[in-house]
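By convention in this document, chain letters (A, B, ...) are assigned in the order of the sequence lines, proteins followed by strands, and residues within each chain are numbered from 1. Computed over heavy atoms, backbone and side chain alike; hydrogens, waters and symmetry mates excluded.
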Amino acid sequence: MTAANPTETAAGSVPEATDRNVSTGPAARARLLSGVPPTLLIGVAAAVVLAVMPLLLDEFRLGLLTRYLCYAIVAVGIAVAWGRGGMLTLGHGVFFGLGAYAMAAHMTLAAAPDGALPEFMVWNGIGSLPLLWQPFRSLAFTLAAVVVLPGAVAALLGWAVFRRRVRGAYFAILNQALAAAFAILLIGQQHLTGGSSGLTNLPVLAGVDLSTGAARTGLYFAVAGFLLAVWAAYTRLMDSRYGSLLVAVRDSEERVRFLGYDPTWVKASAYTLSAVAAGVAGALFVPATGIITPALVGVIPSIQLVLMAALGGRHSLTGAAIGAVALGTAETAFSESFAGGWLYLQGALFVAVIALAPRGLAGFAESLASRLPSVRRSR
Amino acid sequence: MNALLTVSGLTVSFGSFTALDGVDLAVEERELRFLIGPNGAGKTTLIDVVTGRTRPTSGTVRFDGADTTGLAEHRTVRSGIGRTFQTAAVFDALTVADNVDLAASFRLAPHRLLRRRDRADVPEALERVGMADLAERKAGGLSHGQRQWLEIAMLLAQRPRLLLLDEPVAGMSAAERERTGELLEEIAQDTTVLVVEHDMEFLRRHARTVTVLHEGRVLTEGTLEEVRADERVAEVYLGRSAAEDGPEAGPTSGPAAEKETADA
Ligand SMILES: Nc1ncnc2c1ncn2[C@@H]1O[C@H](COP(=O)(O)OP(=O)(O)OP(=O)(O)O)[C@@H](O)[C@H]1O
Ligand SMILES: [Mg+2]
């Protein structure tokens, strides 16, 4: 990703900062900020808000927010694959899970007194560390695996599937089936994965005790930092020619072929980027929450992840991230007062968003902004 | 001169229906060839085969000396063949300039796709179709004629050696047809063009060589006068509703005038 050339910025981003409505508040503010790319404004504003949160929230709430921000990273990826690329990725729990289980394997080994087997393996009657687990002793390997594992699975799957021109509902169902199979596999391979209770008891990472307040705040900042980085990188990418190509593939794959591009790699790469974001988020989720189980990566969470992006606005990377935080907050608030009803409410919310507001919160914000003439240019 | 495009013995069957039945066709370099024929004659199917969209049941397509039969769509484009669709296909969600930019960039290395627009040839191509001032508009808001021109601008930016246009003036106003005709002549100066078009007035003005397709076969081929003098052609068109969209045997009037009023 290169710097935009100056004429491009002038033409593309600020075409109509006008002198209309000079006296009114929003217009005057918009004028003050004209010339600054809107994405930069959003990024700075988000960074400021995220930075002050530890001052406003107690440790418990900050922990919850850390968790939502992990989901926000996934949602940004879903906005790329689904919102921009038209691929309804109903199985992102798999990629989230690959990142999470890789990290959890490493942390499980790090927690065991040197050389000892993880406790759940002893319970399962395993004599020595399985081959699959051995490389996860290395933190470096684990960090690489967190990106490469979900990326490689998505790339291979995407290539095979998109080459055969599988799309739409078939693709969504395929993803959903993948998530179901993944959860079943995790439960079935109890001696390797801890079965349905998953991997817990993960107190240290890179020699740091994660139970201290300082460590929890540090984790929060790490997750917030990753979110901003992934958001900025993917937003920049969507602004490029590749971003246009992805939208073109979404709207008319066939026409793109007749422009001389192979849609297969365009879709497979966007799917892969999306999976990588989910993998990174999963790897951050584990130290932040201290647990990973099949129930956190299966069919239901996969649907919830998509719902987050839908609620925020799937076409907007910013909207999707906000949707994740909003849905998480709503779930917590609702569950605290009416335990058990959340799943139904969530289902109703999904139907309502799809039927009434397919562009989500970002869509509302955009139509609001378009009524204020001077702020129209923001995405 | 060597033929740029050679189609031999091309047969396409959809189930028991034969859309093309042993078609032979050769288009020379720099030629402006018109392809006419009643509805369902197989004109679009022929373009589809040449551009890899439809696989022939038998027969071969040779382009620029190489066998391109059954090549994937994007590979035919990369070999230098461009096409338009009967209904203009542009990307509504993108700006006019981005549409052309994408078209122009198909040979770029992947890392250059990560950049934003930076091409000089985009304004150039838009200038050629007279749409420079619409560059930043979303393509979804264009009129029918503008969409057709945008599609042509996209093709121009790709610099193909062979251009296949499927009914480029269908549904256009008289003024738009005029402009499209000028554009066509201009393009034909340095590009080989095959145009599918029914519009009689348009044919009269721009056609040099005409190939008539009927029920999947080449009925005849020649200058417009020769073709119009051919009784079989008249029969084919009169057999159906000649008044709608076919050339008549008579040298005057033609259905074009009627079509224009019908469209207006
Ligand atoms: N994919 C397909 N499956 C089945 N039949 C097809 C298919 N594509 C085209 N046909 C049939 O093949 C015949 C030729 O179609 P084609 O579109 O090539 O005609 P055309 O000459 O372009 O006609 P028009 O002037 O209406 O555009 C038609 O009868 C059409 O119904
Ligand atoms: Mg046709």
Given B:S79, B:S105, B:G52, B:A104, the one with more heavy-atom pairs under 4.5 angstrom with chain A than any other is B:S105
Count the heavy atoms of every other residue, nucleotide or ligand shown that sit under 6.0 Å from CZ of A:R163, and state whether that count exceeds 12. yes
Tabulate, in ascending numerical order, the residues of residues 66-74 of chain B having at least one heavy atom closer than 4.5 Å to a heavy atom of chain A, or enter 'none'. B:E73, B:H74
Contact list (residues 246-258 of chain A to chain B, heavy-atom gap under 4.5 Å, by number) returns A:V247, A:A248, A:R250, A:D251, A:S252, A:E254, A:R255, A:V256, A:R257, A:F258
More than 12 heavy atoms of other residues, nucleotides or ligands under 6.0 Å from CZ of B:F34: is that the case? yes
In the structure I gave you, are the side-chain heavy atoms of A:R241 and B:L102 within less than 4.5 Å of one another anywhere? yes
Quick one: side-chain hydrogen bond (donor to acceptor under 3.5 Å, both in side chains) partners of B:T6, sequence neighbours excluded? none
Using heavy atoms and a sub-4.5 Å threshold, report which of residues 259-267 of chain A line up against chain B, by residue number. A:L259, A:G260, A:Y261, A:D262, A:W265
Please classify the contact between B:F91 and chain A as side chain, backbone, both or neither, with a heavy-atom cut-off of under 4.5 Å. side chain
More than 12 heavy atoms of other residues, nucleotides or ligands under 6.0 Å from CZ of B:R53: is that the case? yes
Using a cut-off of 6.0 Å, state whether more than 12 heavy atoms not belonging to B:R159 lie near its atom CZ. no
Rounded to the nearest 0.5 Å, how far apart are CG of A:L245 and CG of B:D101? 10.5 Å
Starting at OG of A:S244, measure out to CG of B:D98 and round the result to the nearest 0.5 Å. 4.0 Å
Taking atom CZ of B:R128 as the centre, report whether more than 12 heavy atoms of other residues, nucleotides or ligands fall under 6.0 Å from it. yes
